[in-house]
Amino acid sequence: MIHKIAPTHPRASSLIIREKLVDGFKNGIVVPHGLIAHGRGEAFDYLLGERTTKYAYEAEKAAVCLLLLSKKSIISVNGNTAALCARDLVTLSNVTKSRIEVNLFHKSVARSNTIARILKKEDAFDVLGLDDKSKMMIKDISSNRKYVDKNGIMNSDTIFVALEDGDRTESLVKKGKKVISVDLNPLSRTAIASNITIVDNIVRVIPNMIKISEQLVKKDKYYLLQLINNFDNKENIHKSLLMIKEGI
Ligand code: PTJ
C-alpha cells in the first residue's frame, strides 16, 4: 500500500517513486540493494532538474527507432523497473513488438516469478527468463545476469536494459548485439558501453518512449534509419554530463 503523499508537497513525485520502491521491497519485488541503487540515481536526477532533458529525449527517440527496426528486440526487466513501471514496460513491449525477459542481478526464483506475475497482470503476452529448460549462460559475465533465456536475450538483436551493472552490456555489445540502456549516471560502465544511452529517470523514459513509438510506428524504415544515423551516443552522453555540471 503506497502511503498517501500530498500532491502539493514540493517533492511529491520524488516521494512517490520512493514509496513505490519501498512497497516493491515489502512485496518481494525489489532487493535492498535496489533501494541503494535508487539513491544514486536520485542524486543524478536532482542535478538534472528531475526532467527529461532535450538530449535524453533525442536518445529516447533513437532508441524507439532501433526497437522498431530490430528483428528481435527484447526488454530486460529487473526488480526496480518492475516496481516502478511494470504497466508501461508492457505497453512499450506491445507497441514496439519487443519481448520481455526477467533478468536479475540478485537471482531468486521466487522474485522472478513474482515479477513475471505482475507483468502478466498488466497483460504481458509472454515473459521469458523463467524456464530452466531454456536457460543459457553467457560465460564472460561474472554476475548472475549471465543466466539468459536462449529464446530471449540470447536470440535477440537489440536488448533494452535499465538500471544495471556494466558487465552484461559490455559482453552483449562484444557479441555484436545492440544495447539500449537507461541510466541516470552517464559515467557508469553500462552508460559508456551501450549503443544508445538514455540519461533519464526510467519513470519518465518509458511513457516518453510509448508516445514516440506511437508517432514513429508508421514511418518507413529509411526515415527511422536516418534518425539513428544522425544520433551520436558519445556526444549525447557528453551533453548530459554538461547538464549535470550546470545543475551543480
Ligand atoms: O533486481 P535486481 O536483482 O536485478 O537488482 C537491480 C539493481 C538495481 C539492484 C542492480 O541492477 C544494481 O545493483 O544496479 P547498480 O549497479 O546499482 O546500477 C544501477 C544504476 O541505475 C545506477 O547507475 C543508478 O544511477 C541508476 N538508476 C537508479 N535509479 C534509476 C536509475 N537510472 C534511471 N532511472 C532510475 N529511476
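Numbering of ligands and ligand atoms starts at 1, following listing order. Residue numbers run from 1 in the order of the sequence given.
Between Arg99 and Asp126 a salt bridge is recorded (basic side-chain N to carboxylate O distance below 4.0 Å). Salt-bridge annotation for Arg189 and Glu164: absent, with no side-chain N of the basic residue lying under 4.0 Å from a carboxylate O of the acidic one. Between Arg204 and Asp45, at least one side-chain N (NZ, or NE/NH1/NH2) sits under 4.0 Å from a carboxylate O, which counts as a salt bridge. Note on Lys20 versus Asp23: no salt bridge recorded, every NZ/NE/NH1/NH2 to OD/OE distance being 4.0 Å or above. Looking at Lys239 and Glu235, a side-chain N of the basic residue comes within less than 4.0 Å of a carboxylate O on the acidic one, giving a salt bridge.
Distance screen at 4.0 Å: atom 13 (O) of ligand 1 has no protein heavy-atom neighbour inside the cut-off.
The heavy atom nearest to atom 25 (O) of ligand 1, out of those in Gly41, Ala82, Gly24, Ser181, is found in Gly41. Distances from atom 20 (C) of ligand 1 to the heavy atoms of Asn185, Asn78, Asp183 put Asp183 nearest.
Residue Arg145 places a heavy atom under 4.0 Å from ligand 1. Ligand 1 has at least one atom lying under 4.0 Å from a heavy atom of Arg111.
Residue-ligand proximity, Gly34 to ligand 1, at heavy-atom distances under 4.0 Å covers atoms 9 (C). Short contacts between ligand 1 and Gly79, defined as distances under 4.0 Å to a heavy atom of the residue, involve ligand atoms 1 (O). In summary, the atoms of ligand 1 found under 4.0 Å from a heavy atom of His106, numbered by their order in the structure, are 3 (O), 5 (O). Residue contact check: Phe105 has heavy atoms under 4.0 Å from atoms 2 (P), 3 (O), 4 (O), 5 (O) of ligand 1.
A cation-pi arrangement is found for Lys219 relative to Tyr223, the charged atom lying closer than 6.0 Å to the ring centre and inside a 45° cone about the ring normal.
Considering backbone and side-chain N/O atoms, His33 never comes within less than 3.5 Å of an N/O atom of ligand 1. Considering backbone and side-chain atoms alike, Leu104 places every N or O at 3.5 Å or more from each N or O of ligand 1. Note: no N/O pair closer than 3.5 Å links Leu84 and ligand 1 by distance alone. Checked by distance only, ligand 1 and Leu184 come closer than 3.5 Å through their nitrogen or oxygen atoms.
The single protein non-hydrogen atom nearest to atom 7 (C) of ligand 1 is Leu163 O, 4.2 Å, given as residue, atom name and distance. Protein heavy atom at the shortest distance from atom 36 (N) of ligand 1 is Asn201 OD1, 2.9 Å. Of the protein's non-hydrogen atoms, the one nearest atom 17 (O) of ligand 1 is Ala37 CB, 3.3 Å. For atom 34 (N) of ligand 1, the nearest non-hydrogen atom of the protein is Ile202 N, 3.0 Å.
The cluster map of Ile, Leu, Val, Met, Phe, Trp and Tyr, joined by side-chain heavy atoms under 4.5 Å apart, puts Phe105 and Val127 in different clusters.
In this structure, the side chain of Asn80 engages the main chain of Gly34 through a donor-acceptor pair within 3.5 Å.
Remark: His33 engages His106 in a ring-ring contact (aromatic ring centres under 6.0 Å, His included) (not counting sequence neighbours).
Side-chain contact check for Asn233 and Thr197: at least one donor-acceptor pair (N or O, by modelled atom type) lies under 3.5 Å.
If you look at Asp200 next to ligand 1, the close heavy atoms, those under 4.0 Å, all belong to the backbone.
Within 6.0 Å of the NZ atom in Lys146, the count of heavy atoms belonging to other residues, nucleotides or ligands exceeds 12.
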